Amino acid sequence: MSSADSSMESNREVCSELWCLSKSNRCITNSIPAAEGTLCQTHTIDKGWCYKRVCVPFGSRPEGVDGAWGPWTPWGDCSRSCGGGVSSSSRHCDSPRPTIGGKYCLGERRRHRSCNTDDCPPGSQDFREMQCSEFDSVPFRGKFYTWKTYRGGGVKACSLTCLAEGFNFYTERAAAVVDGTPCRPDTVDICVSGECKHVGCDRVLGSDLREDKCRVCGGDGSACETIEGVFSPALPGSGYEDVVWIPKGSVHIFIQYLNLSLSHLALKGDQESLLLEGLPGTPQPHRLPLAGTTFHLRQGPDQAQSLEALGPINASLIVMVLAQAELPALHYRFNAPIARDALPPYSWHYAPWTKCSAQCAGGSQVQVVECRNQLDSSAVAPHYCSAYSKLPKRQRACNTEPCPPDWVVGNWSRCSRSCDAGVRSRSVVCQRRVSAAEEKALDDSACPQPRPPVLEACQGPMCPPEWAALEWSECTPSCGPGLRHRVVLCKSADQRSTLPPGHCPPSAKPPTTMRCNLRRCPPARWVASEWGECSSQCGLGQQQRTVRCTSHTGQPSRECTEALRPSTMQQCEAKCDSVVPAGDGPEECKDVNKVAYCPLVLKFQFCSRAYFRQMCCKTCQGR
C-alpha cells in the first residue's frame, strides 16, 4: 500500500473493512477486512495489528469475549384496546458485547405477551377493516379510494391487503398488519411482527387451551350434541320444504348439496322471514353475514358446494330447500346446545396459564383447574364439582434463558454508632443467574454501571453527654512509686460544650489519678562535712566532722549501709610556738622532720590551715 493509502487508512478502521485509493484517486473498498497482522492505529492504540477484525496492541492475541444479554426493556403499550392485543419487550446483546470472535447471545431478542384479551363491545369495527380504512386519506397512484379488507386467497395472512371498493383490484397497503390482528377469519391465531402465531382459545400467546366441539374454551364437549342427517324431498314441485331446525347457539354448521348446487336453498329466521333465498352459482368463495356469525360458501374438489359457519348463531334458523324435478339431496351437520336443565350444573375447566414465576433463568407456569357454573361459565367453589372427574393441574417451564448480569446486594449492616451519625455497609457482588440453582460470579465491569454503594451514612438518636478525659500528666516523682493526674470533663455529644458534672453518669467517670513508677531511685548515701579545727593548740589533738545519711533528694534517710559510714573523728597535731631569743633572726621555715604527709597537705590544699602551714612550712611555701 502506498503512503497515500496509509494516510487514508489512518482515519478508518482497516481491521474491519479495508479501503484503498484507486488510480483515479477514488476511495474504494471490497468490504473485506484487512489481513491478519496488518498494522493499525486507533485513538487509544498508537501501534497495533489486526487480530480477528479488531485493532489490538501489537503482538497481543487477546481472547474473545462472549456476548451476554442485557436487561429486558419494560413491556410496551398493548397493540389493541380489546379483542386480544400484543405487548412487546426487547433486549440487546451488550452486557458485554461480543468482541474479538466471541460468541453472540443465544435466545430471543424480542418477546411478546398477550394483553387486553377481553371481547370488544358488540358492533365494534373489524380490526383489519379499521387498518384498511386508515389509507382512505392516503393517495394511491394519485387517487383516493375507499379501502376494504380483501378476503380472497393468494395473499400473505399477515400482510395488510385491501380491496378498493367499487373497483376490481386489491393491493398490499402494508407489509404487516398491526400485532394482534387475526391471521384469518374465524381463527384465534394472531399476527405478531408479520408472522402468524398460535394462541389458545383464551387469546393468550403460547396457551394450549382449545375449544371443544361446542366452542367452549377448555370445555369437555358436554355442552352440546352433534345433529347430522341427509334430507331428500318427498315430492318435486311442492315449493319450499323445511329440512331441519337449527337452534340458537349452534356451532360448526355444515350444509352441502349432494348433487352439486345450492341454488335452491333458503334460510328462514325466528320471525318467519327469509334471511337467504337462493345462493349464487359462482364457484368463487363468498362470505354471508347471518344470525351473528359468518357463513362461507365454498366449492370442494368434487365441485360440490357447501355452506359453513363457525357459530354460534344468535337466532334459530330453519333450513329450507326448493324441491324440483332433480330431487336434490341435502347433507347437514351442526352441534346444537344441550338443554341447560339436562347439563350437569357444574364442571371442571382449565384456567389460563399463570404468569411466569421468573423473568429469566428458568421459571414455571401453572394452569390450575377451577369449578365453573355451566350456565354462565362463572367460577364457583370446588365442592360444587365432582372430585372424581377433576382434571389434573398442568405445569410447564418458561423463561429458561440465563439472566443478564446484575448486582446482588446484601442487607445493610447495623449502624457503626448507636446514636448520632455513623456508617453502615453491605455486600455488593456482580452475578449472573444461569438457572434456578446456579449463579455465576462475574467481574464488576460486566454489570450495569454505576455499582450500587457499599457504604452509606446512617443517623441514630442524639447521643447523651459523656465524659471526656484529657492527657495524663508526667509521673511525679521522676523515680520510684508516683502518681499521674488528668482532668476529666463532662462534654456534650458533639464535644462542643462543657457541662456540669451532674449531667454525666458518675459510675462511668474515668479515673483522674493513676499510679506510676518510671524507674528505681538512686540508693541513699553517706555525706560528710569538712573537718573541724584541731582540739589542741599545741601538739596532738582531735578533729571532728558530721556524717549524715541522705536520699537522692537530699532528705535524711535511714537506708545507708552502716559499714560504709565514714569516720567522724581523727587525730590532729598543732605546732607549738617556740620562744625566739632576743637578737636572733626570724624562725627558719622548714618542714617538721617527723611529719611525712606534707606532700599530701599540699595536694589536698590544706596549707590554708595554720597547723598544716606550720608543720609543712617549706612545702606550703614551695621551697
Side-chain angles (χ1 to χ4, degrees), residues 80 82-86 113-120 122 124 126-127 157 180-192 196-228 246-255 287 289-296 298 306-315 317 332-340 342-354 365 367-379 385 389-394 396:
R80 297 188 64 176
C82 61
V86 176
R113 70 177 181 183
S114 298
C115 52
N116 296 341
T117 57
D118 296 333
D119 290 334
C120 291
S124 299
D126 178 80
F127 194 50
T181 304
C183 302
R184 293 169 296 275
D186 298 330
T187 181
V188 293
D189 293 343
I190 60 174
C191 295
V192 178
C196 189
K197 299 291 184 181
H198 169 73
V199 298
C201 58
D202 54 357
R203 291 177 177 160
V204 175
L205 280 167
S207 170
D208 292 330
L209 278 184
R210 297 286 189 275
E211 288 184 347
D212 63 4
K213 67 175 186 177
C214 310
R215 294 210 67 194
V216 176
C217 187
D220 57 4
S222 61
C224 66
E225 60 180 345
T226 301
I227 308 297
E228 187 173 10
I246 304 177
K248 177 182 177 181
S250 295
V251 297
H252 295 293
I253 301 168
F254 177 80
I255 303 170
R287 300 175 70 253
L290 291 174
T293 188
T294 301
F295 283 83
H296 297 269
R298 296 189 175 95
S306 63
L307 188 64
E308 304 173 32
L310 196 59
I313 55 176
N314 60 9
L317 294 176
Y332 58 87
R333 182 180 66 248
F334 57 89
N335 296 335
I338 299 175
R340 290 299 180 182
L343 283 173
Y346 306 101
S347 64
W348 296 105
H349 295 268
Y350 281 109
W353 287 101
T354 60
Q365 288 178 290
Q367 196 174 30
V368 299
V369 178
E370 59 186 14
C371 183
R372 292 183 187 172
N373 189 327
Q374 292 283 64
L375 295 177
D376 57 6
S377 296
S378 61
C385 293
S389 62
K390 186 174 181 179
L391 301 171
K393 183 174 72 172
R394 295 173 177 171
R396 66 182 181 184

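Note that these values count all heavy atoms, side chains included, but never hydrogens, waters or copies made by symmetry. It should be emphasised that the depicted structure is a prediction, and the values quoted were computed from it without experimental measurement.
With sequence neighbours excluded, the residues satisfying side chain to side chain donor-acceptor pair (under 3.5 Å) with Glu308 are Arg298, Ser306. Taking the side-chain contact (heavy atoms from CB on, under 4.5 Å) definition, one finds that Ser114 meets it with Thr117, Val204, Leu205, sequence neighbours left out. Applying the side-chain contact (heavy atoms from CB on, under 4.5 Å) rule to Cys371 yields the partners Tyr346, Trp348, Val380, Tyr384, Cys385; only residues at least two apart in sequence or on another chain are considered. For Arg203, the side chain to side chain donor-acceptor pair (under 3.5 Å) test picks out Asp119, with sequence neighbours left out. Applying the side chain to side chain donor-acceptor pair (under 3.5 Å) test to Arg184 and every residue at least two apart in sequence or in another chain returns nothing. Applying the side chain to side chain donor-acceptor pair (under 3.5 Å) rule to Thr226 yields the partners Asn335; only residues at least two apart in sequence or on another chain are considered.
For the pair Pro182 and Arg80, the tightest heavy-atom approach, listed with the atom from each and the gap, is CD-NH1, 4.0 Å. Smallest separation of non-hydrogen atoms from Asp212 and Ser222: OD2-N, 4.4 Å. The nearest pair of heavy atoms linking Pro247 to Ala336 is CG-CB, 3.6 Å. Here the closest heavy-atom approach between residue Asp189 and residue Val199 is recorded as OD1-N, 3.3 Å. Minimum heavy-atom separation, Gln365 to Trp353: O-CZ3, 3.5 Å. In plain terms, the two heavy atoms of Lys197 and Cys183 that are nearest each other are N-SG, 4.3 Å.
Within the model, atoms CG of Asp126 and OG1 of Thr181 stand 8.5 Å from one another, a figure rounded to the nearest 0.5 Å. If you take OG1 on Thr354 and CD on Gln367, they are separated by 9.0 Å, rounding to the nearest 0.5 Å. With rounding to the nearest 0.5 Å, the separation of CD1 in Ile227 from CZ in Phe334 is 5.5 Å. For the atom pair CD1 of Ile253 and CD1 of Ile246, the computed distance is 5.0 Å after rounding to the nearest 0.5 Å. Atoms OG1 and CD1, from Thr293 and Ile313 in turn, are 8.5 Å apart once rounded to the nearest 0.5 Å.
Proximity of His349 to Ser347: side-chain heavy atoms (C-beta onward) are separated by under 4.5 Å at one or more points. Side-chain contact between Val251 and Glu211: absent, with no pair of heavy atoms (C-beta onward) separated by less than 4.5 Å. Using a 4.5 Å cut-off on side-chain heavy atoms (C-beta onward), Leu317 and Phe295 make contact. Looking at heavy atoms from C-beta onward, Leu310 lies in side-chain contact with His252 at the 4.5 angstrom threshold. Looking only at side-chain heavy atoms (C-beta outward), Ser250 and Pro312 stay at 4.5 Å or farther from each other.
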Worked verdict on Cys82 versus Cys120 for disulfide (SG to SG under 2.5 Å): CA-CA 5 Å; Cys82 61; Cys120 291; 2.0 Å; yes

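Side-chain atoms of Tyr350 do not come within 3.5 Å of backbone N or O of Cys217 as any donor-acceptor pair.
Using modelled atom types, one finds no donor on one side chain facing an acceptor on the other under 3.5 Å when comparing Thr294 with His296.
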